[in-house]
Amino acid sequence: MKQTTKSILLGALAITGLQITSIAQTFSGGENHTLSICANGTAKSWGSDIWGKLGNGTDPYTLHASVNNLTGVVAVRAGVNHSIALKNDGTVWSWGINAAGQLGIGTSSGDSNIPVQTQSLSGITAIAAEGNFSIALKNDGTVWAWGENFEGQLGNGSTTSGNTPVQVTGLSGITAIAAGYSHCLALKNDGTVWAWGDNAYGEIGDNTTTDRYAPVQVDSISGVTSINCGTYHSLAIKSDGTAWAWGRNHKFQLGIDNIGNSANPVPRQMVGLSGITAIAAGFYHTMALKNNGTVWVCGDNSSYQIGDGTSLTRPTAVNLSGFGNVAAVGCGYYHSLALKNDGTLWSWGNNSSAQLGDGTSTGKDHPVQVTGLCSVLIGIEEKNGNASLAVFPVPSQGQITIDYPGMNKDVNVEVFNMLGTKMLQQKGSNSMDLASFPKGIYFIKLRDGRKELTRKIILQ
């Protein structure tokens, strides 16, 4: 196959040098509780159980409680006082407070301490929550939202809260979503980022501080491969492994120490970070994972959420020395989480509600292992090493073409679904017919004995 160095080919975003955690969001921190998924597809929860957000049907709190009657879980997200989960059948389940309709069950009352199914949603491939609302990505590239809407975070052109999912206006071809306290991000398959909701601190990134009730394109950034939201700030990773941030910066959570909250509210590159494969954000702090498995953190450290053994605020990202082999990172409001390659989960920061899961309620200024927990589901990841793998067209309706420099007849090509089940295998061909596959997200994996490359695609 012909050698190529193109980063964009016939609508495909070719990702170079990145390892990106898949849509299987296997752990999540909220304001004062934490969720994770076990390798067998069940969910665990710990921390504060106010409003029933642990989902175990009991009160008081139990360490590593099993979320009731929930199996086949592939993603979990923690809001302020509610939790949501995505099952492998594409349905969404929620529990906790429902005062703003954030459970999506058709009412704005009736809190639940066990999971209830969110209405009118199917074919969901990703979920997000942080504030008092939730959003979901469908397998057709559209985005849906429900719950609180005072700042337009539902993205449907209004400020009326909703107790059932509504479609976010004008979005298609979306491959990833993220939610802050009252704003949202969506990543399109062309590498552009779109945002809506609260914009008081420039977190929308459109060079204004005007709230947006429907999506607008984030200014001055393209070639994006991953997104995330803090409470009032936004994050992105570009295809060159650089990390970018915009929005509130009063605790230096942007990792850019020379700008204020709303000055020039467009994406800026985070200082000193390269080779970034994943990024996460809490209330006032930000985490980044490098391609060598090391963790870097900046921002507020008043609750030890930086994890560097101090309580010093960090204007730019510092490395957690001696802490490595990390596969994924995540943030609660004032605590931090890291999943290692061996399936163990680690945490640090505020622990007043036992949200660190180490059997105590004492804050930790360095990473400690979550004790007595199941092996956490790691999931499929995109791994492109130092090569460039492109799959086009994206999105596809069945027939795909693979472009990989040096591809030959010995390359083993496999297709996996989002749960890691192998769906198809062939050797040496750069063309595959997936027309018989259900709509959704899949992973194309290439192996030739020397390297392994993986690329995410969406069929619609």
Side-chain angles (χ1 to χ4, degrees), residues 18-22 24-30 32-39 43-47 64 75-78 130 178 226 228-230 235 237 243 253 255 270 273 275-301 303-310 314 317-351 354-360 363-379 381 383:
L18 295 181
Q19 173 178 306
I20 303 171
T21 303
S22 78
Q25 304 151 320
T26 56
F27 59 97
S28 178
N32 51 18
H33 75 296
T34 307
L35 306 170
S36 73
I37 308 173
C38 295
K44 297 287 188 179
S45 60
W46 57 97
H64 308 150
V76 288
R77 293 286 92 177
E130 182 178 317
S226 183
N228 212 311
C229 289
L235 305 167
I237 302 172
Q253 57 266 48
M270 298 181 72
L273 291 181
I276 302 303
T277 63
I279 202 159
F283 208 85
Y284 298 135
H285 75 293
T286 298
M287 300 175 66
L289 175 65
K290 283 199 171 188
N291 52 17
N292 61 2
T294 60
V295 177
W296 298 71
V297 196
C298 63
D300 181 32
N301 200 18
S303 297
Y304 308 126
Q305 59 265 55
I306 298 295
D308 64 349
T310 77
R314 299 298 184 180
V318 295
N319 174 226
L320 300 192
S321 179
F323 187 66
N325 297 315
V326 172
V329 291
C331 293
Y333 273 39
Y334 299 102
H335 68 291
S336 303
L337 300 159
L339 177 64
K340 287 202 169 188
N341 288 309
D342 61 4
T344 59
L345 190 62
W346 297 69
S347 59
W348 58 97
N350 185 279
N351 198 25
Q355 60 264 49
L356 298 189
D358 68 338
T360 78
K364 300 296 187 297
D365 64 4
H366 61 280
V368 295
Q369 186 174 346
V370 178
T371 57
L373 186 63
C374 58
S375 180
V376 178
L377 177 68
I378 293 180
E381 294 173 334
K383 297 180 180 179

Chemist: Which pair of heavy atoms, one from P367 and one from L320, lies closest together, and at what distance?
Modeler: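 Taking P367 first and L320 second, the nearest heavy atoms are CG-CD1, 4.2 Å.
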Chemist: Is the distance from the ring center of W46 to that of H64 below 6.0 Å?
Modeler: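 Yes; H64 has its ring centre under 6.0 Å from that of W46.
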Chemist: Considering non-hydrogen atoms only, spot the tightest contact between G359 and T371 and give its length.
Modeler: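 Taking G359 first and T371 second, the nearest heavy atoms are N-OG1, 4.0 Å.
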Chemist: With a 3.5 Å distance limit and no angle check, can you tell me whether T286 reaches the backbone of Q253 through a side-chain donor-acceptor pair?
Modeler: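 Yes.
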Chemist: Between the main-chain N or O of F27 and the side-chain N or O of S36, is there a donor-acceptor pair closer than 3.5 Å?
Modeler: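 No, the answer is negative, given that no donor and acceptor are paired below the 3.5 Å cut-off.
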Chemist: Is any side-chain heavy atom of D308 less than 4.5 Å from a side-chain heavy atom of V297?
Modeler: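 A side-chain contact under 4.5 Å is absent here.
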Chemist: Taking only residues two or more places apart in sequence or in another chain, which ones pass side-chain contact (heavy atoms from CB on, under 4.5 Å) with C374?
Modeler: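 C374 satisfies side-chain contact (heavy atoms from CB on, under 4.5 Å) with C38, K44 once adjacent residues are dropped.
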Chemist: Any side-chain heavy atom of T360 within less than 4.5 Å of one from N351?
Modeler: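 Result yes, sub-4.5 Å side-chain heavy-atom pair found.
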Chemist: Going from CG on L373 to CG on L345, what distance comes out if it is rounded to the nearest 0.5 angstrom?
Modeler: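 Reported value, rounded in 0.5 Å steps: 6.0 Å.
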Chemist: Answer whether the closest heavy-atom distance between the side chains of T277 and K290 falls below 4.5 Å.
Modeler: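 Not touching, per the 4.5 Å side-chain cut-off.
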Chemist: Listed by chain and number, what are the salt bridge (Lys or Arg N to Asp or Glu O under 4.0 Å) partners of K364, not counting sequence neighbours?
Modeler: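 K364 satisfies salt bridge (Lys or Arg N to Asp or Glu O under 4.0 Å) with D358 only.
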Chemist: Only pairs under 3.5 Å count here: list side-chain donor-acceptor contacts from residues 326-338, not counting sequence neighbours, and write none if there are none.
Modeler:
| from | atom 1 | to | atom 2 | distance (Å) |
| --- | --- | --- | --- | --- |
| Y333 | OH | E130 | O | 3.2 |
| H335 | NE2 | T34 | OG1 | 3.0 |
| S336 | OG | H285 | NE2 | 2.9 |
| S336 | OG | Q305 | O | 2.8 |

Chemist: Check salt bridge (Lys or Arg N to Asp or Glu O under 4.0 Å) between D300 and all other residues, then give those that pass, not counting sequence neighbours.
Modeler: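 Per chain and number, D300 pairs via salt bridge (Lys or Arg N to Asp or Glu O under 4.0 Å) with no residue.
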Chemist: Checking W348 side chain against I306 main chain: does a donor-acceptor pair fall under 3.5 Å?
Modeler: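 Yes, the answer is positive, given that a donor and an acceptor are paired below the 3.5 Å cut-off.
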Chemist: Kindly write out the residues that satisfy ring-ring contact (aromatic ring centres under 6.0 Å, His included) with W296, not counting sequence neighbours, or none if the list is empty.
Modeler: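 ring-ring contact (aromatic ring centres under 6.0 Å, His included) list for W296, sorted by chain: empty.
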Chemist: Looking at every non-hydrogen atom in both residues, tell me the closest pair between L356 and S347 and how far apart they are.
Modeler: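 Between these two residues, the closest heavy atoms are O-OG, 2.7 Å.
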Chemist: Run the side-chain contact (heavy atoms from CB on, under 4.5 Å) test on I276 and M270 for me, step by step, so that the C-alpha distance in whole Å, both residues' side-chain angles and the decisive distance to 0.1 Å come before the verdict.
Modeler: CA-CA 11 Å; I276 302 303; M270 298 181 72; over 6 Å; no
Chemist: Quick check: closest heavy atoms across A78 and G30, and the distance to 0.1 Å?
Modeler: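 Smallest heavy-atom distance, with atoms named: CB-N, 3.5 Å.
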Chemist: Could you tell me whether the side chain of N301 and the main chain of R314 form a donor-acceptor pair under 3.5 Å?
Modeler: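 No.
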Chemist: Can you name the side-chain hydrogen bond (donor to acceptor under 3.5 Å, both in side chains) partners of S375, sequence neighbours left out?
Modeler: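 Applying side-chain hydrogen bond (donor to acceptor under 3.5 Å, both in side chains) to S375 gives none.
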Chemist: Just to verify, what does Q355 make a side-chain hydrogen bond (donor to acceptor under 3.5 Å, both in side chains) with, not counting sequence neighbours?
Modeler: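 Once residues adjacent in sequence are excluded, the partners of Q355 under the side-chain hydrogen bond (donor to acceptor under 3.5 Å, both in side chains) criterion are N350.
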Chemist: Are W346 and H366 side-chain neighbours, meaning at least one heavy-atom pair lies under 4.5 Å?
Modeler: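 Counting from C-beta outward, W346 and H366 never come under 4.5 Å.
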Chemist: Which residues pass the ring-ring contact (aromatic ring centres under 6.0 Å, His included) test with Y304, sequence neighbours left out?
Modeler: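 ring-ring contact (aromatic ring centres under 6.0 Å, His included) list for Y304, sorted by chain: empty.
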Chemist: How far does CG of L289 sit from CG of L273, to the nearest 0.5 angstrom?
Modeler: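 Rounded to the nearest 0.5 Å, the CG-CG separation comes out at 11.0 Å.
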Chemist: State whether the side chain of S28 and the backbone N or O of L35 hold a donor-acceptor pair below 3.5 Å, judged by distance alone.
Modeler: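 Answer holds: no.
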Chemist: Kindly write out the residues that satisfy salt bridge (Lys or Arg N to Asp or Glu O under 4.0 Å) with D365, not counting sequence neighbours, or none if the list is empty.
Modeler: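 Residues passing salt bridge (Lys or Arg N to Asp or Glu O under 4.0 Å) with D365: none at all.
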